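For reference, the structure discussed in these notes is given below.
Computed from a predicted model, the values in this text were never measured in an experiment. Atoms within each ligand, like the ligands themselves, are counted from 1 in listed order. Starting from 1, each residue takes its place in the sequence as its number.
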Amino acid sequence: NSTTGKYDAVVIGGGPGGYVHAIKLAQLNLKTACIESRGALGGTCLNVGCIPSKSLLNNSHLYHQITHEAKSRGIDINGDINVNIANLQAAKLKAVKGLTGGVEMLLKKNGVDYYKGHGSFVDENTVNVKSIEGKDDVKLTADNITIATGSEPTPFPGIEIDEERIVSSTGALELKEVPKKLAIIGGGIIGLEMASVWSRLGSEVTVIEFQNAIGAGMDSEVAKTTQKLLAKQGLKFKLGTKVTKGVREGESVKIEVENVKSGEVENLDADILLVAIGRRPYTKGLNAEAIGLEQDNKGRLVIDSQFRTKHPHIRVIGDVTFGAMLAHKAEEEGIAAAEYIKHGHGHVNYNVIPSVMYTHPEVAWVGANEEQLKEQGIKYKVGKFPFIANSRAKTNLDTDGFVKFLADAETQRVLGVHIIGPNAGEMIAEGGLALEYGASTEDIARTCHAHPTLSEAFKEAALATFDKPINF
Ligand code: FAD
């Protein structure tokens, strides 16, 4: 006794890709449904990704500042300072709940029908929704169907995640006590953000990375500086090292690692082992096979430049298809795909998608890095400005890092911006704007920036690509 619903568009997945897409479709006057199986909207990002991690990062940073810097900033604290993990987690949950509830309200406000259930293909125009609330199945038919089912942590062969002692990022966000020893496989953004959180709260953290550098995708100069600064904060790094074993033994985890070059084997002990080696597309239970949707060797659903599968009315956006696994990339695709459906055209500029690591200092970049420009044989100039010479950073006693511009050697057109420093994640937006508008570094250097702000370092680094900076 299943019911049916007829829609202009059905969206499977309510993460940043899916919910933004659904709202845009409704705003374009298409009758739209959004199916989400998690029980809350916002996807990985709001529930177990961007938002909870940033809550823990922000509050652990505050704690670290109070315990390590208060005195030098003229604040004497008399009495105990303690972390209350239960309350720290409650503060995180409050942010998550507020935001996921907000998305639900936005869907309602825009007239999107929200189905709490698991979507799977019946045929090319029909999606079955299996309720997570014990209701009858519903069949939705639609002229357009968009898959936005996201991603899940990539498992490490031979290491079993129990989300207690051996955890993925999801478990690492939920720890109920500060582990004495935390080992992390993977020195990418997620691994390093979690490393920062728990190290600030008192864990002894070891990051094990197969490559010889951390921060996959970072400009190598920035990656080296990042590693140095994080090491100064107490993080231990084992680079060029592969994990050969990770097993839970009671309340601890035994880890065996091997130096890639020398073959030397070492045994480590940890209270918690975090596996953070990346994420993979999620299509479980979607029944994509039934309608012959193609997946590449990494499990990504294959699409053309207009997000279309081999069935042109079935589109794919976000983590479950090609490109950077980032919330704002999924959102941009959500908008562009809706515009394709309504108008037949849309656009995402994949060259201008910023990346941010929310450690302290933050690391942010957009456009090309030096290694990429060299590979492409593009002649470029470098302009750098250190935060130690920036008045606001000095005032805030927060001077680690620099801004680095890469500009075309002849035209000074901005090719890439790389920032390690306080507020890098906010400041990188100006770099994105410069790239979108095809600005030259001179355009930026001649734009008045407020004093005293960190963004003056941005302006001076741009200036440094073709002239002398003033304050350094
Ligand atoms: P998701 O957010 O994964 O959403 C997909 C949704 O679809 C899920 O809620 C899932 O339940 C649902 N679903 C799947 N299959 C079905 C089905 N068959 N029926 C119904 N529903 C289904 N990105 C950033 O940009 N900035 C950050 O700071 C950042 N931090 C992160 C930190 C961590 C710890 C993690 C894990 C990720 C982080 N990311 C960050 C990545 C970001 O979360 C993802 O890139 C983003 O969520 C992708 O959006 P999406 O809509 O493609 O997929």
Side-chain angles (χ1 to χ4, degrees), residues 10-22 33-58 92 96 99-100 103 114-121 127-132 138 140 145-154 167-174 184 186 188-197 274-288 300-301 307 316-334 337 353-359 362-364 425 428:
V10 163
V11 185
I12 310 175
Y19 93 73
V20 167
H21 182 59
C34 183
I35 309 166
E36 170 57 58
S37 59
R38 188 186 290 274
L41 291 161
T44 302
C45 178
L46 267 62
N47 292 283
V48 290
C50 328
I51 298 302
S53 61
K54 264 84 262 182
S55 170
L56 295 183
L57 278 158
N58 192 53
K92 178 197 82 176
V96 168
L99 287 164
T100 56
V103 173
Y114 169 28
Y115 289 86
K116 285 192 184 180
H118 191 93
S120 60
F121 282 98
V127 179
N128 183 70
V129 184
K130 188 169 176 35
S131 168
I132 53 166
V138 183
L140 308 180
I145 298 172
T146 302
I147 302 168
T149 49
S151 59
E152 63 178 351
T154 305
V167 298
S168 70
S169 57
T170 304
L173 290 166
E174 305 270 306
I184 300 177
I189 293 184
I190 293 177
L192 295 177
E193 287 187 353
M194 289 299 96
S196 289
V197 166
L274 162 61
V275 178
I277 55 167
R279 298 183 59 82
R280 63 179 185 187
Y282 183 82
T283 53
K284 260 182 226 146
L286 188 61
N287 204 22
R300 297 176 291 202
L301 286 167
F307 311 106
V316 190
I317 57 171
D319 279 12
V320 71
T321 187
F322 309 118
M325 286 187 170
L326 292 168
H328 42 280
K329 176 265 193 188
E331 290 177 16
E332 291 303 309
E333 291 185 337
I353 294 179
S355 294
V356 181
M357 182 167 85
Y358 299 82
T359 48
E362 290 181 352
V363 184
I428 202 64

Could you check [atom] against the protein and tell me its nearest heavy-atom contact, residue, atom and distance included?
atom	result
atom 36 (C) of ligand 1	Arg279 NH1, 3.4 Å
atom 16 (C) of ligand 1	Thr149 CG2, 3.6 Å
atom 52 (O) of ligand 1	Asp319 N, 2.9 Å
atom 25 (O) of ligand 1	Ala327 N, 2.8 Å
atom 32 (C) of ligand 1	Gly49 C, 3.4 Å

Could you tell me whether [X] approaches ligand 1 through its side chain, its backbone, both or neither, with non-hydrogen atoms closer than 4.0 Å?
X	value
Cys50	both
Lys329	neither
Ile190	side chain

Practice problem: Not counting sequence neighbours, which residues clear disulfide (SG to SG under 2.5 Å) with Cys45? List them please. | Solution: Cys50
For [atom], tell me which residue out of [options] has the closest non-hydrogen atom.
atom	options	value
atom 1 (P) of ligand 1	Val11, Thr44, Asn128, Asn287	Thr44
atom 21 (N) of ligand 1	Ala148, Gly14, Ser37	Ser37
atom 34 (C) of ligand 1	Leu326, Leu286, Val48, Ile12	Val48
atom 19 (N) of ligand 1	Gly15, Cys45, Ser151, Gly119	Gly119
atom 20 (C) of ligand 1	Gly17, Gly117, Ser169	Gly117

Quiz prompt | Pairs flagged by salt bridge (Lys or Arg N to Asp or Glu O under 4.0 Å) wherever residues 39-48 is involved - sequence neighbours left out | solution = none
Quiz prompt | Interatomic spacing from CG in Asn47 to CD in Glu36 - rounded to 0.5 Å | solution = 7.5 Å
If the contact criterion is a heavy-atom separation under 4.0 Å, does [X] count as touching ligand 1?
X	value
Lys54	yes
Tyr358	yes
Pro16	yes
Glu331	no

Is any side-chain heavy atom of [Y] closer than 4.5 Å to one of [X]?
X	Y	value
Ile353	Glu332	no
Arg38	Val48	yes
Ser53	Met194	yes
Arg280	Met325	no
Ile132	His118	no
Phe121	Leu286	yes

Tell me whether [X] has any N or O atom under 3.5 angstrom from an N or O of ligand 1.
X	answer
Met325	yes
Glu193	no
Arg38	yes
Gly42	no
His118	yes
Glu36	yes

Practice problem: Would you mind telling me which of Val129, Thr146, Ile145 makes a side chain to side chain contact (heavy atoms under 4.5 Å, CB included) with Ile12? | Solution: Ile145
Self-check item: More than 12 heavy atoms from other groups under 6.0 Å of NZ on Lys130
Solution: no
Quiz item: Which atom names give the shortest non-hydrogen contact between Leu173 and Leu56, and what distance separates them?
Solution: O-CD1, 3.7 Å
Exercise. Quick one: closest heavy-atom pair of Arg300 and Phe322, and the distance?
Key: NE-CD2, 3.6 Å
